[in-house]
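What follows is a short report on a single structure.
Excluded from the calculations below are hydrogen atoms, water molecules and symmetry mates; all remaining heavy atoms, backbone and side chain alike, are included.
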Amino acid sequence: MSHAPALQEAAQPAVRELARRLLANGASPELARRVVERVASRGSSGEPEHPLDAAAAELGAAFPRFELPMPKDAVTGLALLGVRRAGRSALARKLALRFRARDLRPAVIALDQAGATTPQWLASWLQEAGVPAVVAGASASFPFDALGGARVLVLDGSGDLRGDARTVLRFERETRGVVRWRRVGVLGADASIGRLSAEARALRAVGAECAVLTRVDAAVAPAAALEACAAHRLPVAFLCDGPGDDGHLRRLVPDLAADVFLRGRAA
């Protein structure tokens, strides 16, 4: 049963506008109803507060800042796991440039993809940009030559979630004591709600600790992607909201989460 009619009939014009924005930007009717109810309860006690401000506070609290620790005694390995066309390779490129700008000496391993040239293109592009990068077969041993003094290693998966998870497990065994691996899920925010939910569930199943949402700028209802991750207990670390290599990678903080739900964009 849809809650949308009841939400749209909310008494105050500002509350009606809040409900409209939440639904238009991809929030489920259930979540929109809960937010409206919490906002109403906040308004009935204490100082007067505009519904949009109250909603921003409620939504922000639901999406706290998430950070993956980077140990000082080992190389940090970030394994990017996601289906094909989720935006993994573009994210690998952005992360590598971000880490290089912070003097973290990144290196990239792109897993080979049958019938695709993306791994070779990514490795060549990064090498020309001054970032060590190699292409590795899914069954190959860990390419220790790729480290080259790196402090952060980015692994761009092949798009085969289970196969990539097995590769990461093997790399963990081969690099024990040298690389501390973390699994990062990658989802395209412009996918359908059903697909987002299925991918978030699959990423949790292969051990993803957090997610990065790509193509937020292209999503008609970007809040649905945040909600899908939350439903599967997959915290979101970053949002990608544009194609630029030198930007458009934003850490998700409470204010940014509220912007996605209330403005439909990463403002």
Side-chain angles (χ1 to χ4, degrees), residues 67-188 199 202-203 205-212 214 237-238 240 245-246 249:
E67 292 195 42
L68 283 173
M70 297 180 65
K72 296 181 178 180
D73 60 344
V75 176
T76 296
L78 299 178
L80 305 185
L81 306 176
V83 300
R84 289 198 176 188
R85 302 187 184 280
R88 291 182 333 276
S89 298
L91 175 61
R93 197 170 67 239
K94 291 174 187 286
L95 286 172
L97 296 180
R98 185 185 184 102
F99 291 140
R100 186 185 65 175
R102 298 185 178 187
D103 295 323
L104 291 177
R105 301 197 304 275
V108 175
I109 298 175
L111 293 185
D112 202 6
Q113 302 174 25
T117 59
T118 301
Q120 290 77 13
W121 178 87
L122 175 64
S124 296
W125 190 96
L126 288 169
Q127 288 167 1
E128 290 180 6
V131 176
V134 298
V135 177
S139 59
S141 298
F142 180 80
F144 279 95
D145 290 345
L147 284 178
R151 288 182 55 196
V152 182
L153 186 62
V154 179
L155 175 70
D156 178 19
S158 69
D160 174 2
L161 289 183
R162 292 185 178 181
D164 290 346
R166 289 193 294 269
T167 299
V168 175
L169 280 173
R170 190 176 71 255
F171 282 1
E172 277 185 322
R173 292 193 296 269
E174 295 173 351
T175 62
R176 193 179 306 278
V178 178
V179 181
R180 198 80 53 82
W181 289 95
R182 318 307 294 252
R183 293 158 177 80
V184 179
V186 184
L187 298 94
E199 289 183 18
L203 287 169
V206 296
E209 300 173 59
C210 65
V212 176
T214 64
F238 288 94
C240 293
D245 291 319
D246 57 349
L249 180 62

Exercise. Taking the inter-plane angle between the rings of Trp181 and Phe171 on a 0 to 90° scale, is it parallel (under 30°), tilted (30 to 60°) or perpendicular (over 60°)?
Worked result: tilted
For this session: Go through the structure and list residues passing side chain to side chain contact (heavy atoms under 4.5 Å, CB included) with Ala150, not counting sequence neighbours.
Result: Ala107
For this session: Please collect all salt bridge (Lys or Arg N to Asp or Glu O under 4.0 Å) contacts where either partner lies in residues 139-165, sequence neighbours excluded, each pair once.
Result: Arg88-Asp156
Exercise. Are Arg180 and Glu172 close enough for a salt bridge, meaning some N to O gap below 4.0 Å?
Worked result: no
Exercise. Are Leu203 and Leu161 side-chain neighbours, meaning at least one heavy-atom pair lies under 4.5 Å?
Worked result: yes
Exercise. Applying the side-chain contact (heavy atoms from CB on, under 4.5 Å) test to Leu155, which of Leu111, Leu80, Val108 qualifies?
Worked result: Leu111
For this session: For Gly185 and Ala208, work out which heavy atoms get closest and say how close.
Result: N-CB, 3.9 Å
For this session: Could you tell me whether a side-chain N or O of Arg170 sits under 3.5 Å from a main-chain N or O of Ala140, the two making a donor and an acceptor?
Result: yes
Problem set entry | Where Pro106 and Val131 come nearest, the two heavy atoms and their spacing | O-CG1, 3.7 Å
Exercise. Less than 4.5 Å apart, any side-chain heavy atom of Leu153 and any of Phe142?
Worked result: yes
Exercise. Should Glu209 and Arg182 count as an ion pair when the cut-off is N to O under 4.0 Å?
Worked result: yes
Seminar exercise, completed: Residues passing the salt bridge (charged side-chain N to carboxylate O under 4.0 Å, His left out) test with Glu67, sequence neighbours excluded, are Arg65
Seminar exercise, completed: Nearest heavy-atom contact between Val186 and Gly87 is CG1-C, 4.1 Å
Problem set entry | Flag, side chain of Thr214 to backbone of Leu187, donor-acceptor distance under 3.5 Å | yes
Problem set entry | For Ser158 against Arg84, the heavy-atom pair lying closest together | O-NE, 3.5 Å
Exercise. Do any N or O atoms from the side chain of Gln127 and from the backbone of Ala133 form a donor-acceptor pair under 3.5 angstrom?
Worked result: yes
Exercise. Quick one: does Arg105's side chain have a donor or acceptor within less than 3.5 Å of a partner on Gly149's backbone?
Worked result: yes
